[in-house]
Amino acid sequence: MYYKVLIDNIKEYAPLVYTPTVGLVCQNYSSLFRRPRGMYFSAADRGEMMSMVYNWPSDQVDMIVVTDGSRILGLGDLGVQGIGIAIGKLDLYVAAAGINPQRVLPVMIDVGTNNEMLLKHPLYLGLQQHRLDGEEYLSVIDEFMEAVFTRWPNVIVQFEDFQSKWAFKLLQRYRHTYRMFNDDVQGTAGVAIAGLLGAVRAQGKPMIDFPKQKIVLAGAGSAGIGVANTACNTMARMLGNSESAIESARSQFWVVDAMGLITEDRANIDPEVLPFARKMKEVGYQGLREGASLVEVVRQVNPDVLLGLSAVGSLFSKEVLEAMKHSTSTRPAIFALSNPTKNAECTPEEAFSIVGHHIIFASGSPFKNVDLGNGTVGHCNQGNNMYLFPGIGLGTLLSGSPVISDGMLQAAAECLATYMKEEEVLNGIIYPSISSIRDITKEIAAAVVREAIEEDLAEGYRDMDARDLQKLNQVFFY
Ligand SMILES: NC(=O)C1=CN([C@@H]2O[C@H](COP(=O)(O)OP(=O)(O)OC[C@H]3O[C@@H](n4cnc5c(N)ncnc54)[C@H](O)[C@@H]3O)[C@@H](O)[C@H]2O)C=CC1
Ligand SMILES: CC(=O)C(=O)O
Ligand SMILES: [Mg+2]
């Protein structure tokens with residue numbers, strides 16, 4: 001009954017099982033705890049995980065969402081309490097993708113927490129120690145992956161809300177051998193691309209004009225750099241994929257983090273961020289410098305898009321939004337994608353009232369549309385990876401692909417990008433309503449299956465083998 005009510009009233013209840021309320025639940029989880037609703041693997045269980053997985057009562061598990069609680073939404077390290085996010089995401093798998101609720105498994109890997117308040121909290125449920133790091137940390141995650149794939153060889157593991165430091169490393173470590181993906185890096189990127197392409201269409205331009213967009217990105221973590229990489233690859237592909245196309249695509253991005261504009265002069269720059277460090281020569285020419293503030297960057301660049309994945313509420317201040325009035329775009333895009341609501345870089349009211357009624361606005365958590373007067377509405381789109389991850393999971397499951405390729409993720413993003421009709425996009429509506437999430441998820445899953453077949457990755461599902469899928473592809477999809 002719980003899932004029936006959720007499915008029938010998804011628009012009303014998604015903000016409860018998911019952002020923003022799930023954030024509040026995670027913050028207070030130890031005090032709210034009644035019963036375990038998933039599996040907890042802790043650093044103290046090393047050497048035991050292979051037998052522990054058999055404690056789970058379901059013989060079949062299709063989807064696991066796993067977190068180590070190190071970066072829950074924009075709320076930081078919530079330790080073991082982060083399991084709420086795995087539970088919420090899996091509720092959406094059931095509601096949006098129709099996955100059997102008995103075949104989903106929320107997982108918390110408890111390697112400790114560096115949140116001093118939690119360590120001192122008398123009711124804190126997790127290990128009362130600082131986080132493991134380095135090889136010790138990796139050995140715990142390795143053991144977990146081996147254990148779950150031994151019991152359920154066809155399971156799909158979605159990594160969720162791992163701090164950026166580990167998000168990229170774990171993705172590279174497992175993505176070529178296991179059926180897994182990182183939702184914050186890869187899911188968010190696909191949703192952002194769909195929105196960015198929508199913002200190009202909203203200007204009355206063809207999507208192929210995307211490589212001309214100037215993008216200022218606030219936030220260089222797992223989500224921000226995931227978006228920058230995918231957006232850059234999309235631009236480069238549109239420009240022909242040569243060395244110079246990649247170079248030209250990269251030059252469209254100005255990435256600002258907690259220390260300001262990132263340039264080649266930045267000390268100890270992360271390898272994932274390095275490709276987006278601005279060249280010193282260009283920066284000087286643009287009147288900028290290493291560490292220039294967000295407002296300085298927006299004033300000098302006059303970007304088409306201002307995209308926030310910084311986890312800093314109100315980062316898009318009055319000054320920053322005023323600077324966006326000089327954007328070179330006819331429909332400047334302002335994406336305040338950080339979660340939950342309090343961490344949004346700005347509200348839609350602020351964006352529409354300061355920058356103007358012509359903008360395209362998206363936020364990570366739900367906000368109401370803005371009444372602009374005279375019967376016009378400023379549309380608040382929800383730019384959230386919830387539009388993509390259920391379809392990526394369902395498509396991978398049904399295709400039987402042993403890995404989740406870049407092509408499959410790209411197909412998912414393109415499907416979402418083209419889902420919206422021309423007149424909606426021109427009206428500033430770049431993402432569908434959450435009420436149609438089941439239909440979107442179905443379309444995305446089909447696109448993922450098609451791509452898996454194209455790439456010869458599809459091995460089939462249940463009694464439908466690769467050859468049957470191939471036939472289905474010819475009969476139904478074309
Ligand atoms: N809408 C969506 O679907 C998604 C939203 N997110 C949100 O994105 C946010 C960031 O997630 P991660 O990248 O994993 O976190 P993170 O903590 O790894 O990255 C945050 C980044 O923001 C930068 N930052 C901090 N203060 C800043 C400031 N004053 N100005 C500019 N940059 C600043 C940090 O230096 C860092 O590069 C979170 O709030 C999360 O909820 C994440 C995934 C999906
Ligand atoms: C939406 C999501 O995955 C996040 O905020 O981390
Ligand atoms: Mg997340």
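When a ligand or atom number is given, it counts from 1 through the structure's own listing order.
For CD of Glu116, the number of neighbouring non-hydrogen atoms (other residues, nucleotides, ligands) closer than 6.0 Å is greater than 12.
Looking only at protein heavy atoms, the nearest one to atom 29 (N) of ligand 1 is Leu315 CD1, 3.5 Å. The shortest contact between atom 5 (O) of ligand 2 and any protein heavy atom is with Asn339 ND2, 2.8 Å.
Proximity of Thr188 to ligand 2, defined as any heavy-atom pair under 4.0 Å, is not found for any part of the residue. Contacts between Asn385 and ligand 1, counted as non-hydrogen atom pairs separated by less than 4.0 Å, involve both the backbone and the side chain. Proximity of Lys89 to ligand 2, defined as any heavy-atom pair under 4.0 Å, is confined to the side chain (atoms from C-beta onward).
Atoms of ligand 2 found under 4.0 Å from any heavy atom of Asn385 (numbered from 1 in listed order, with element): 1 (C), 2 (C), 3 (O). Each of the atoms 2 (C), 3 (O), 4 (C), 6 (O) of ligand 2 lies under 4.0 Å from some heavy atom of Asp184. Distances below 4.0 Å separate heavy atoms of Ala220 from the following atoms of ligand 1: 21 (C), 36 (C), 37 (O). Close contacts of ligand 2 with Glu160, meaning ligand atoms under 4.0 Å from a residue heavy atom, involve 3 (O). In summary, the atoms of ligand 1 found under 4.0 Å from a heavy atom of Gly221, numbered by their order in the structure, are 13 (O), 18 (O), 19 (O), 21 (C), 37 (O). Within the listing of ligand 1, atoms 38 (C), 39 (O), 41 (O) sit less than 4.0 angstrom from a heavy atom of Gly74.
Residue-to-ligand polar distances keep Tyr18 apart from ligand 2: every N/O pair is separated by 3.5 Å or more.
The Mg ion (ligand 3) lies at 2.8 Å or more from every N, O or S atom belonging to Asp183.
Atom CE of Met280 sits about 10.0 Å away from atom CG of Leu288, to the nearest 0.5 Å.
Ring centers of Phe335 and Phe361: at least 6.0 Å apart, outside the cut-off. If you look at Phe159 and Phe181, their ring centroids are not closer than 6.0 Å.
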